[in-house]
Amino acid sequence: MGAQLTPYLMSEDARAQADFYVKALGGEIQSVMTFGQMPGAPEEMADKVMHLAMTVAGGSALFFSDGGPAGYTRSISLSLSYGDEAEAREAFAKLSDGGDVKHPFAPQPWGAYYGEVQDKFGVVWQIVKHL
């Protein structure tokens, strides 16, 4: 059995970010555990998300955390590949809501539609639809 890679995003508001992705990409939140469910957690972290698991975009797993006392960083780009152009355009539009389009979704010389957007949570998404 080989390894499975699952992106784990550190967030300022994991619940809101996960809800946004459910609405933008489809999927559902599978489980949420707060720091308050762990013994010895600092009082100010009690309601913060320690671990949130969700499925998105046809079953891909994403994990989230509010970062904990150590904080978090944002150096990640996620790529979603679609077989259907309309689905790709819809995901791009929804992820762009409140975000910053870095590269409009359009045909590219390498034979694909491609767009890049930084969503309102600071995550960069590369949306691809191969021709």
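Everything numeric here is computed off the predicted structure, so don't read it as measured data.
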Study note, to complete from the structure: Between K102 and D100 the two heavy atoms that sit nearest each other are NZ-OD2, 2.8 Å
**Study point:** Short N-O contact, R15 and D13, less than 4.0 angstrom
**Key:** no
Practice item. Taking all heavy atoms of S79 and all of V128, pick out the closest pair and write down the distance. Key: OG-CG2, 4.1 Å
Check your understanding: Are V101 and Y114 connected, step by step, through hydrophobic side chains (Ile, Leu, Val, Met, Phe, Trp, Tyr) whose heavy atoms are closer than 4.5 Å?
Key -> no
Check your understanding: How far apart are the C-alpha atoms of V123 and L95, what are their side-chain angles, what is the distance that settles it, and do they pass the side-chain contact (heavy atoms from CB on, under 4.5 Å) test?
Key -> CA-CA 10 Å; V123 174; L95 290 168; over 6 Å; no
Point to revise | Under 3.5 Å donor-acceptor, Q108 side chain and A106 backbone | key: yes
Exercise for review: Give the intermediate values and the outcome of side-chain contact (heavy atoms from CB on, under 4.5 Å) for residues L78 and Q126.
Suggested key: CA-CA 6 Å; L78 300 175; Q126 299 174 40; over 6 Å; no
Point to revise | Minimum side-chain heavy-atom gap T55-I29 below 4.5 Å | key: no
**Study point:** Greater than 12 external heavy atoms within 6.0 Å of K48's NZ
**Key:** no
Point to revise | The single option from F92, Y21, F105 passing ring pair (Phe, Tyr, Trp, His ring centres under 6.0 Å) against W125 | key: Y21
Exercise for review: Mind checking the OG-CE spacing from S60 to M54? Nearest 0.5 Å is all I need.
Suggested key: 10.0 Å
Check your understanding: Where the side chain of D66 meets the backbone of A14, is there a donor-acceptor pair that is under 3.5 Å apart?
Key -> yes
**Study point:** Inter-residue atom distance D97.CG - K23.NZ, 0.5 Å rounding
**Key:** 10.5 Å
Exercise for review: Report the C-alpha separation of Y82 and H130 in whole Å, then their side-chain angles, then the decisive distance to 0.1 Å, and conclude whether the side-chain contact (heavy atoms from CB on, under 4.5 Å) test is met.
Suggested key: CA-CA 7 Å; Y82 287 88; H130 294 281; over 6 Å; no
Point to revise | Trace of the side-chain contact (heavy atoms from CB on, under 4.5 Å) decision for H103 with V117 | key: CA-CA 7 Å; H103 187 81; V117 60; over 6 Å; no
Study note, to complete from the structure: Rounding to 0.5 Å, atoms OG (S81) and NZ (K129) come to a distance of 11.0 Å
Study note, to complete from the structure: Of all heavy-atom pairs linking F20 and K120, the shortest is CD1-CE, 3.5 Å
Point to revise | Short side-chain to backbone donor-acceptor contact, S65 and M50, under 3.5 Å | key: yes
Check your understanding: What pair of heavy atoms forms the shortest contact from A57 to L80, and how long is it?
Key -> CB-CD2, 3.8 Å
Practice item. Output the distance between atom OG1 (T34) and atom CG (L52), rounded to the nearest 0.5 Å. Key: 11.5 Å
Check your understanding: More than 12 foreign heavy atoms under 6.0 Å from CD of E44: is that the case here?
Key -> yes
**Study point:** K94 side chain near L25 side chain, heavy-atom distance below 4.5 Å
**Key:** no
Point to revise | Shortest non-hydrogen separation from Q37 to V32 and the atoms involved | key: OE1-O, 3.9 Å
**Study point:** Smallest separation among heavy atoms of I127 and A88, with atom names
**Key:** CG2-O, 3.6 Å
Check your understanding: Taking the six-membered ring for Trp, are the ring centroids of H51 and Y8 within less than 6.0 Å of each other?
Key -> yes
